[in-house]
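Structure record follows, encoded as structure tokens.
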Amino acid sequence: MTELIVGLAGNPNVGKTTVFNRLTGMRQHVGNWPGKTVERAEGHFKHGSYEYDVIDLPGNYALSAHSMEEIVSRDFIVDDDSDVIINVVDAANLERNLYLTVQMMELGANMVMALNMNDFAKKKDHIIDIPLMSELLGFPVIEISAKDGDGFEELLTTVEKQASNPIDSSAKLSYGDELKEHLGDLQSLIEKDSNLLDVPSVWTAIKLLERDSIVIEKVQKSSQSSAIMAEADKVAGHLHDLYDAGAEEVVANARYAYINGLMAEAVKRPDVEKETTTDKIDRIVTNRFLAPFIFIFVMFLLFHLTFTIATPFCDFIDEWFAWFGEYLAGAVGNEILGSFLQDGIIGGVGGVIVFLPQIILMFLFLSILEDSGYLARAAFTLDKVMHSIVGLHGKAFIPMILGFGCGVPAVMATRTMENESDRLLSMMLIPFMSCTARLPIYSIFIGAFFVANKSIILLSIYLLGIVVALIVAGILKRTMFKGMSAPFVMELPTYKVPSLKGVLLHTWEKTKGFLRKAGTIILGSAIIIWILSSVPFGVEYGSQESVLGMIGSAIAPVFAPLGFSTWQAGIAILTGLVAKEVVVSTFTTLGGLEEDDEEGTIALVHDLFTPLSAYSFMAFCLLYVPCFAAIGAIKQETNSWRWPLIMCAITLVTAYIVAFLIYNVGMLAGFG
Ligand code: GDP
Ligand code: MG
């Protein structure tokens, strides 16, 4: 006989006592938990070669330190007295019941879920995909009827299997990138003290944020106490700044986001009874047919607002830099030094800084989309498309959308993906997502050729990136990255009006990165481009006879089939390898900043391209090899040069093919 200690846990009124009575019959006794005034019901029975000891845990909704019942229940789970926890759940009120479930998952409890009250769920027309739910949660879910005694045989054999193969139920729990990142810092401190590791470190971290008095007391005895408490305060403060809410609320929201995602994936409910505002919005926003249109509309709005609001500011900065460059050149007197300042520094760096308003707005709107909860929905809806066409999990879409901001954090965000091969694949796709560094390129070309339809053209470029990424993903998934990805819950946070402070903080964090780049990489490249445009001495600045012109002329023929064979285009693509802003600063160093569009860079671009070749050039810039920083990020994340090199090859070939198609099909269609 093997002895099995099993705890029954669940909300009140889910049928726990009915299950308990059915299992133990008359062989039960009721007493108190040692030293506590909390009732303890315990019973024994035999099943096969197992001798069960079942404890009915005090019914509750949470595992905080607020009530004695909750403390008794969680101590029972933590102290490892039990082999398996049976989580009895009311299928007709799944959402509310899961709140306790996720808290037991935080504890890593070795769990089996007994899904009860299925007759009520059926009456309400709730259809639960039990195998999927079990896969998403990472532990077995068994349908039972406590009242009629159905499903108990399966429940017990599953419990026995689970007892000999314990699982860590915290493994599949996910609370979103932001929280994960901050919890991670706290967890690594907690993990330094083995005395704290009787429970998953994630649990201790969460409880510290919730200011759980018992956990705080325990941590205070640790050798790492001061470091851990300081970090917990820091994280709580930071979360407060971001969300304008206490850490406890942020954690609760993260749990509900996980539950929402799980419900949306595994449970079908009739629309009528969904009553929360989030549900109402979601009925439209995640509607299978409307969702893609809403996504495109939101994107369009994003670009349209970015452009219309930013343009006057950009123009103002542009005029100011033009005046300042002129003034500086005049003031220094020396011709070479003057050109260095005016064309090299002001032209190169200023030419990119001009787009700062657009970049800030883009980051600002992306932060609003992210913080309001829409971005998660976009990824969720695209999950279905991605899964069926591409065979890639929708979770891959979150790093991809973050790629609209910058590829470097996007590559790091792939860490949340479970499956290694999926993670690599999404890294290969991120470079196709148009990052803010490419925005200035489009601005220049749209300014020169497509002023009348600027938002549409910009939207089309971004969509082109997504479509190409999906096609490439489809091809790679069938060749290099075979195999289906494991299902995984995507968190769906409730919609909320983002806090101003949180949005500004996110925006500033990202803008800072851009400014740093302007002061280093872009400045350095601008200086090199200026030097190469000025040597050999005596040559006309920025002419084809300069070294820059010669290099450009040498590579230009390669791009002739794509519609742009000028040396300036060639050199811009070459220098753009460093960072995409440098494509623009190459043109602005050559063309100069002028207050009037009839002269300067816009005019230069106008001379070098036709509308069709301009579009082909934009598409090439969108798709070809990303900047050094993004390549470096992939190298760092994969710890080898193999994947960054493969990515460079894939993007280069794709860019060439797509630009070739655009130009040549366009020519045939008469757009030449
Ligand atoms: P506890 O509070 O979790 O211990 O829940 P109880 O075991 O006391 O059950 C609450 C009520 O639900 C009782 O009246 C049970 O008879 C009823 N009940 C339990 N299981 C089922 C079920 O599967 N279907 C239905 N319709 N009622 C059930
Ligand atoms: Mg009861």
Side-chain angles (χ1 to χ4, degrees), residues 5-33 36-45 47 52-64 66-77 82 84-105 107 109 111-130 133-134 139-159 259 263 266-267 269-270 273:
I5 305 178
V6 173
L8 282 180
N11 290 7
N13 282 318
V14 296
K16 241 154 32 80
T17 303
T18 316
V19 170
F20 182 72
N21 288 341
R22 215 167 248 294
L23 289 173
T24 59
M26 290 285 101
R27 298 165 300 276
Q28 52 175 268
H29 63 91
V30 176
N32 269 355
W33 290 83
K36 310 253 162 65
T37 53
V38 178
E39 191 184 274
R40 174 187 167 108
E42 186 170 0
H44 296 269
F45 71 97
H47 178 260
Y52 278 76
D53 180 5
V54 189
I55 293 102
D56 190 4
L57 296 172
N60 45 45
Y61 297 103
L63 291 177
S64 48
H66 295 318
S67 75
M68 212 33 108
E69 278 85 358
E70 294 180 3
I71 296 172
V72 163
S73 284
R74 82 182 197 193
D75 284 350
F76 180 82
I77 299 171
S82 62
V84 178
I85 300 290
I86 297 178
N87 178 204
V88 184
V89 161
D90 175 356
N93 291 296
L94 198 50
E95 208 158 356
R96 185 178 29 150
N97 278 241
L98 285 170
Y99 195 71
L100 177 66
T101 308
V102 294
Q103 292 178 75
M104 294 197 284
M105 289 168 80
L107 271 175
M111 251 193 301
V112 172
M113 183 182 287
L115 202 58
N116 194 31
M117 306 281 192
N118 292 286
D119 45 338
F120 282 131
K122 282 185 187 106
K123 247 182 236 158
K124 286 171 126 181
D125 279 335
H126 293 187
I127 303 166
I128 303 172
D129 184 341
I130 294 179
M133 200 163 102
S134 170
F139 52 85
V141 179
I142 311 294
E143 184 175 349
I144 63 160
S145 167
K147 209 171 51 147
D148 302 334
D150 299 335
F152 278 71
E153 185 55 36
E154 194 189 353
L155 178 64
L156 292 179
T157 48
T158 309
V159 165
I259 293 169
M263 294 293 290
V267 183
R269 289 174 293 182
E273 58 161 303

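Predicted, not measured: the structure shown is a model, and the values here were computed from it. Order of appearance sets the numbers: ligands from 1, and atoms from 1 within every ligand.
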Practice problem: Heavy atoms only: give me the nearest I130-L115 pair and the separation to one decimal. | Solution: CD1-CD2, 3.8 Å

Exercise. For the pair K16 (side chain) and P58 (backbone), establish whether a donor and an acceptor sit closer than 3.5 Å, ignoring hydrogens and angles.
Key: no

Quiz item: Is it true that S145 lies under 4.0 Å from ligand 1, counting heavy atoms only?
Solution: yes

Practice problem: Provide the number and element of each atom of ligand 1 under 4.0 Å from a heavy atom of N116. | Solution: 19 (C), 20 (N), 21 (C), 22 (C), 23 (O)

Self-check item: N or O pair under 3.5 Å between G15 and ligand 1
Solution: yes

Quiz item: Just by modelled atom types, is the A92 backbone N or O under 3.5 Å from a matching donor or acceptor in the D90 side chain?
Solution: yes

Quiz prompt | Test salt bridge (charged side-chain N to carboxylate O under 4.0 Å, His left out) applied to R269 and D125, step by step | solution = CA-CA 6 Å; R269 289 174 293 182; D125 279 335; over 6 Å; no

Practice problem: Please confirm whether V14 comes within less than 3.5 Å of ligand 1 when only nitrogen or oxygen atoms on both sides are compared. | Solution: yes

Quiz prompt | Heteroatom distance test (N118, ligand 1): nitrogen or oxygen, under 3.5 angstrom | solution = no

Quiz prompt | Enumerated ligand 1 atoms positioned under 4.0 Å from heavy atoms of P12 | solution = 2 (O)

Practice problem: Number the atoms of ligand 1 from 1 as they appear, then name those within less than 4.0 Å of a heavy atom of A146, with their elements. | Solution: 20 (N), 23 (O)

Exercise. Identify the two heavy atoms, one from F139 and one from M111, that lie closest to each other, and give their separation to 0.1 Å.
Key: CB-O, 3.4 Å

Practice problem: Out of N13, D148, T18, V19, indicate the one that has the non-hydrogen atom closest to atom 13 (C) of ligand 1. | Solution: T18

Quiz item: Taking NZ, NE, NH1 and NH2 as the nitrogens, is one of them in R22 or E153 under 4.0 Å from a carboxylate oxygen of the other?
Solution: no

Exercise. Decide yes or no for M117 and I144: does some side-chain heavy atom of the first lie under 4.5 Å from some side-chain heavy atom of the second?
Key: no

Quiz prompt | Those atoms of ligand 1 less than 4.0 Å from some heavy atom in F120 | solution = 25 (C), 26 (N)

